[in-house]
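Input: a single structure, listed below in structure tokens.
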Amino acid sequence: MKKGRLEAFSDGVLAIIITIMVLEMEIPSGADFTALKEVFPVFSAYAGSFVYLGIYWNNHHHLLQVIEKVTGGILWANLNLLFWLSLFPFATAWLGSNHLEEAPVALYGIILLLAAIAYKILVYFVVKNEGENSLVGKYLGNDKKEIVSILLYGVGVIAAFFEPVISYCMYILVAVLWFIPDTRIEKHLE
């Protein structure tokens, strides 16, 4: 299979996920700016999830730029990633409605953690297919940033049961780490 079909499908799924998230946001009951205060937790949860989905889309795009062919393992690993990302609307809505409660903060972190693990699995299958000495193998085969992110998510999930604000800080820290995409592959392709 050629990678174009995988890219198109993944882009479509991510577009639908973002659309679902924005459609779940309720309109404030009032007509002045103070009415926005009541929806701020929902909006902030949406904004955070939008950033995360943007980060995944961006890194997924860079990853697929170096794939020569798509294998069954890559297809299943990609579906695994899309599954966890598809849970973002649910977790985002619950987090936005209960922004400092233990269970929603923990569940949000669990989904972030499992999406990060799924992305690492996808990278593993791409490296396995392309080879350790390939471009993706050299740059992403043993990425320390992925490991640090997974550890921070794990700490964030545990912290949610003691101090949810610490979890938020962990989740934001990971987003900051990934906000500027890895340009090593992009520079090499130029």
Side-chain angles (χ1 to χ4, degrees), residues 10 13-63 80-124 140 142-183:
S10 299
V13 170
L14 284 168
I16 290 168
I17 292 168
I18 290 171
T19 302
I20 291 169
M21 281 192 330
V22 76
L23 290 175
E24 287 185 352
M25 290 183 10
E26 293 183 22
I27 297 170
S29 57
D32 58 2
F33 285 112
T34 58
L36 294 175
K37 281 175 72 176
E38 69 186 54
V39 296
F40 181 75
V42 174
F43 176 77
S44 63
Y46 166 78
S49 291
F50 186 91
V51 167
Y52 268 113
L53 290 169
I55 289 167
Y56 275 105
W57 178 79
N58 204 319
N59 286 297
H60 189 268
H61 169 74
H62 282 97
L63 178 64
N80 181 40
L81 172 63
L82 292 176
F83 171 77
W84 294 111
L85 295 180
S86 75
L87 295 176
F88 269 56
F90 172 77
T92 301
W94 199 30
L95 182 68
S97 298
N98 306 283
H99 65 284
L100 288 175
E101 299 297 326
E102 296 171 359
V105 174
L107 178 68
Y108 191 79
I110 290 168
I111 291 171
L112 289 172
L113 172 64
L114 293 172
I117 292 169
Y119 185 78
K120 183 134 185 75
I121 291 169
L122 176 60
V123 169
Y124 166 80
L140 301 179
N142 192 14
D143 197 351
K144 289 175 183 51
K145 194 160 65 167
E146 287 177 349
I147 302 295
V148 168
S149 299
I150 289 168
L151 291 173
L152 287 172
Y153 287 142
V155 170
V157 169
I158 294 166
F161 296 104
F162 303 101
E163 188 57 54
V165 173
I166 293 172
S167 300
Y168 277 120
C169 293
M170 297 290 184
Y171 306 157
I172 291 169
L173 178 60
V174 174
V176 169
L177 287 173
W178 287 95
F179 192 75
I180 297 174
D182 190 338
T183 58

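Side-chain atoms are counted along with the backbone in the values below, which use heavy atoms only and exclude waters and symmetry mates.
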For residues A116 and Y56, report the shortest heavy-atom separation together with the two atoms involved. N-OH, 3.1 Å
Evaluate side-chain contact (heavy atoms from CB on, under 4.5 Å) for L114 paired with F83, printing each intermediate quantity in order. CA-CA 10 Å; L114 293 172; F83 171 77; over 6 Å; no
Heavy atoms only: give me the nearest A115-F88 pair and the separation to one decimal. CB-CE1, 4.5 Å
Short side-chain to backbone donor-acceptor contact, S44 and P41, under 3.5 Å: yes
Spacing of CG belonging to L81 relative to CG belonging to L63, to within rounding of 0.5 Å: 9.5 Å
Considering only heavy atoms from C-beta outward, does the side chain of M21 approach that of L53 to under 4.5 Å? yes
Does a side-chain heavy-atom distance below 4.5 Å link L100 with Y168? yes
Sequence-distant partners of H60, side-chain hydrogen bond (donor to acceptor under 3.5 Å, both in side chains), two or more places apart: N78
Separation of I55 CD1 from F179 CZ (nearest 0.5 Å): 7.0 Å
More than 12 heavy atoms of other groups within 6.0 Å of E26 CD: no
Looking only at non-hydrogen atoms, find the nearest pair between S97 and V42 and report the distance. N-CG2, 4.3 Å
For the CD1 atom on I27, are there more than 12 heavy atoms of other groups (residues, nucleotides or ligands in this structure) within a distance under 6.0 Å? no
So, the side chain of E38 versus the backbone of S29: is there a donor-acceptor pair under 3.5 Å, distance only? yes
Looking at CD1 of I147 and CG of L152, how far apart are the two atoms once the value is rounded to the nearest 0.5 Å? 11.5 Å
Of all heavy-atom pairs between A35 and P28, which one has the smallest distance, and what is that distance? O-CB, 3.5 Å
Quick one: are S167 and M170 in side-chain contact, heavy atoms under 4.5 Å? no
Drop me the distance from L113's CG to W84's CH2, to the nearest 0.5 angstrom. 9.5 Å
Looking at every non-hydrogen atom in both residues, tell me the closest pair between A175 and Y52 and how far apart they are. N-OH, 3.7 Å
Decide yes or no for N80 and L122: does some side-chain heavy atom of the first lie under 4.5 Å from some side-chain heavy atom of the second? no
Can you find a pair of side-chain heavy atoms, one from E146 and one from W178, that are under 4.5 Å apart? yes
Find the distance between CD1 (I17) and CG (L87) and round it off to the nearest 0.5 Å. 8.5 Å
Within-4.5 Å side-chain heavy-atom neighbours: F50 and V22: no
Rounded distance [0.5 Å steps], CG in L112 versus CG in L85: 9.5 Å
Quick one: do Y108 and V157 satisfy side-chain contact (heavy atoms from CB on, under 4.5 Å)? Show the steps, please. CA-CA 8 Å; Y108 191 79; V157 169; over 6 Å; no
Least distance between heavy atoms, L82 atom then S10 atom: CD1-OG, 4.0 Å
Test item: I166 and F162 side chains (from C-beta on) under 4.5 Å apart, heavy atoms: no
Using modelled atom types only, decide if a donor and an acceptor are shared between the side chain of K145 and the backbone of L177 within a distance under 3.5 Å. yes
Is the shortest side-chain heavy-atom distance between V39 and M25 below 4.5 Å? no
Please work out whether the ring planes of Y153 and Y171 are parallel, tilted or perpendicular, with thresholds of 30° and 60°. tilted
Suppose we screen for side chain to side chain contact (heavy atoms under 4.5 Å, CB included). Which residues come up paired with I20, at least two apart in sequence or across chains? I16, E24, P89
